[in-house]
A.B. asks: 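One structure follows; several queries about it will come next.
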Amino acid sequence: MQDKKLFKISDVHQLENQEEEKNVVHKFLTELGLELVWYKYLTSTDSRIPLSGVEFGKFAREKLPKQLYMSPILQQYFGQKHHLHYTLDDYVILAKQS
């Protein structure tokens, strides 16, 4: 699950507070009738706090690989002006039925 969506549905701002993050994951799973087994946050930036659009753009240009195949298609057919970069910003959650 994408981090922004998980925190948005919980009406909580994402911080470096991993205990609060775990509470958000538990709350989400409880609402689905599931029990947390394990979770991990994966990110390209090594930070749980989202970067601004400008900061992330700079980070992506300097540190992340370009999407060599999708960017030209998006530029040609959708008028996109910049290259996309591969990025990771998701939770991997393993849960079981309660």
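When reading the values below, keep in mind they use all heavy atoms of this one structure, side chains included, and skip hydrogens, waters and symmetry mates.
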A.B. asks: NE2 of H26 to CD of E21: how many Å apart, nearest 0.5 Å?
C.D. replies: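 The NE2 atom of H26 sits 11.0 Å away from the CD atom of E21.
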
A.B. asks: Rounded at 0.5 Å granularity, tell me how far CD in E35 sits from CG in L94.
C.D. replies: 11.0 Å

A.B. asks: To the closest 0.5 Å, what do you measure between CG (L32) and NZ (K27)?
C.D. replies: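 Reported value, rounded in 0.5 Å steps: 12.0 Å.
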
A.B. asks: Hey, could you give me each pair passing side-chain hydrogen bond (donor to acceptor under 3.5 Å, both in side chains) that has a residue in residues 54-70? Not counting sequence neighbours.
C.D. replies: S52-E55, K58-E62

A.B. asks: Check step by step if side chain to side chain contact (heavy atoms under 4.5 Å, CB included) holds for F56 and T87.
C.D. replies: CA-CA 10 Å; F56 184 78; T87 184; 3.4 Å; yes

A.B. asks: Would you please test S47 and T45 for side-chain hydrogen bond (donor to acceptor under 3.5 Å, both in side chains) and show each step?
C.D. replies: CA-CA 5 Å; S47 173; T45 65; 4.9 Å; no

A.B. asks: Can you tell me how far CG of N23 sits from CZ of F28, rounded to the nearest 0.5 angstrom?
C.D. replies: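 Here the rounded value is 15.0 Å.
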
A.B. asks: If you round to the nearest 0.5 Å, how far is CD of Q97 from CG of L34?
C.D. replies: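 So the CG of L34 and the CD of Q97 are separated by 7.0 Å.
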
A.B. asks: Answer with yes or no whether the hydrophobic clustering places L68 together with L64; edges join I, L, V, M, F, W, Y residues whose side-chain heavy atoms lie under 4.5 Å apart.
C.D. replies: no

A.B. asks: Could you give me the CA-CA distance, side-chain angles and deciding distance for H82 and L84, then say whether side chain to side chain contact (heavy atoms under 4.5 Å, CB included) is met?
C.D. replies: CA-CA 7 Å; H82 60 278; L84 293 178; 4.1 Å; yes

A.B. asks: Can you find a side-chain donor-acceptor pair between Q18 and Y41 that sits under 3.5 Å?
C.D. replies: no

